[in-house]
Amino acid sequence: QVQLVESGGGLVQAGGSLRLSCAASGRTFSQYAMGWFRQAPGKEREFVAVITYSGGNIEYADSVKGRFTISRDNTKNTVYLQMNSLKPEDTAVYYCASDRYYLRIYGPKRIDDYDYWGQGTQVTVSS
């Protein structure tokens, strides 16, 4: 059974930083792209960032480009999201997810492209 467990969320002031982690098990982690999504209260879940299985292709949502960095350590089966210069509008539950297909050379951005999801971690940015 595939399990994804996020950690690292919390309360931070605007301009601050947080680092989210997502530990994966039950699948050959190094063969799958990993994505981060977020969902704010009353809003739909949205794409944040994705990294391909090898780390060779990375994409970001325009709203986080230049502030967030996605990375992965395939030896630790973990994907990270470094979030800097946080804004109140970044407040949301953040989810990591595993690509539905293995060895994809591009990073998928649609929710339907992912078949396993973590439970989410709350990020709250105060103004």
Side-chain angles (χ1 to χ4, degrees):
Q1 183 71 15
V2 177
Q3 284 193 322
L4 302 176
V5 180
E6 300 101 335
S7 61
L11 173 64
V12 65
Q13 288 189 332
S17 299
L18 283 173
R19 188 195 196 201
L20 306 184
S21 300
C22 171
S25 61
R27 171 180 273 184
T28 306
F29 178 79
S30 61
Q31 293 184 343
Y32 292 85
M34 296 294 295
W36 284 98
F37 290 76
R38 66 186 181 185
Q39 188 166 17
K43 295 187 176 181
E44 294 186 350
R45 193 170 298 190
E46 65 176 4
F47 166 78
V48 174
V50 61
I51 184 168
T52 50
Y53 68 96
S54 66
N57 191 345
I58 290 173
E59 294 194 61
Y60 298 97
D62 288 343
S63 59
V64 306
K65 209 171 287 185
R67 299 187 298 122
F68 290 11
T69 303
I70 188 172
S71 62
R72 66 188 297 157
D73 185 339
N74 286 343
T75 67
K76 296 182 179 179
N77 289 355
T78 302
V79 62
Y80 305 96
L81 186 68
Q82 177 67 43
M83 306 185 295
N84 298 330
S85 302
L86 282 161
K87 304 175 181 180
E89 50 263 45
D90 294 318
T91 295
V93 177
Y94 283 71
Y95 300 89
C96 67
S98 180
D99 190 357
R100 185 178 300 277
Y101 301 108
Y102 68 94
L103 300 180
R104 253 208 275 225
I105 61 173
Y106 68 92
K109 298 179 182 180
R110 298 181 308 136
I111 290 174
D112 290 347
D113 287 321
Y114 295 83
D115 57 352
Y116 290 100
W117 295 79
Q119 83 287 351
T121 186
Q122 176 71 47
V123 171
T124 303
V125 184
S126 63
S127 57

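- Partners of F47 by ring-ring contact (aromatic ring centres under 6.0 Å, His included), not counting sequence neighbours, listed by chain and number: F37.
- How far CG of L20 is from CD of Q82: 8.5 Å, rounded to the nearest 0.5 Å.
- Side-chain contact check for T91 versus Q122: some heavy-atom pair is nearer than 4.5 Å.
- In terms of heavy atoms, T52 sits closest to R72 at O-NH1, 3.0 Å.
- By the rule that hydrophobic residues join a cluster once side-chain heavy atoms approach within less than 4.5 Å of another member, V93 and V125 end up as members of separate clusters.
- Counting heavy atoms from C-beta on, the side chains of W117 and R45 come closer than 4.5 Å.
- Residues I58 and V64 fall within the same hydrophobic cluster, defined by Ile, Leu, Val, Met, Phe, Trp and Tyr side chains chained together at heavy-atom separations under 4.5 Å.
- For the side chain to side chain donor-acceptor pair (under 3.5 Å) condition, the pairs that include at least one residue of residues 7-23, sequence neighbours left out, are S17-N84.
- We find the CZ-OG distance between F68 and S85 to be 9.0 Å, quoted to the nearest 0.5 Å.
- Between I111 and E44, every side-chain heavy-atom pair lies at or beyond the 4.5 Å cut-off.
- With sequence neighbours left out, Y102 forms a side-chain hydrogen bond (donor to acceptor under 3.5 Å, both in side chains) with no residue at all.
- Contact annotation: the side chain of E6 never approaches that of Y94 to less than 4.5 Å [non-hydrogen atoms, C-beta and beyond].
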Open item on the list: The test is side chain to side chain contact (heavy atoms under 4.5 Å, CB included); show your working for T75 and F29 and say whether it passes.
Closed with: CA-CA 9 Å; T75 67; F29 178 79; over 6 Å; no

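- The salt bridge (Lys or Arg N to Asp or Glu O under 4.0 Å) contacts involving residues 50-62 comprise E59-K109, D62-K65, where partners must be two or more places apart or lie in separate chains.
- For the pair P108 and Y101, the minimum side-chain heavy-atom distance is 4.5 Å or more.
- Annotation: the span from S30 atom OG to N77 atom CG amounts to 7.5 Å, rounded to 0.5 Å.
- A 4.5 Å side-chain heavy-atom check between V79 and I70 finds at least one atom pair inside the cut-off.
- Taking OH from Y80 and CD1 from I51, the interatomic distance works out to 11.0 Å, rounded to the nearest 0.5 Å.
- Applying the salt bridge (charged side-chain N to carboxylate O under 4.0 Å, His left out) test between D99 and each of R104, R27, R110 identifies R104 as the sole match.
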Task: Residues D115, V2; criterion side chain to side chain contact (heavy atoms under 4.5 Å, CB included); working and verdict - done: CA-CA 10 Å; D115 57 352; V2 177; over 6 Å; no

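- Placement of Y95 and V123 in two distinct hydrophobic clusters is found when ILVMFWY residues are connected by side-chain heavy-atom separations under 4.5 Å, directly or transitively.
- Contact check for Q31 versus L103: side-chain heavy atoms found under the 4.5 Å cut-off.
- Taking every heavy atom of both residues into account, M83 and L86 meet most closely at CB-CD2, 3.8 Å.
- Listed by chain and residue number, R38, A61 satisfy the side chain to side chain contact (heavy atoms under 4.5 Å, CB included) test with S63 (two or more places apart in sequence, or in another chain).
- With contacts defined as side-chain heavy-atom distances shorter than 4.5 Å, the pair V50/Y114 qualifies.
- Residues satisfying the side-chain hydrogen bond (donor to acceptor under 3.5 Å, both in side chains) criterion with S127, sequence neighbours excluded, are absent altogether.
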Task: CA sep, side-chain torsions, deciding dist, call: M34, L4, side chain to side chain contact (heavy atoms under 4.5 Å, CB included) - done: CA-CA 10 Å; M34 296 294 295; L4 302 176; 4.0 Å; yes

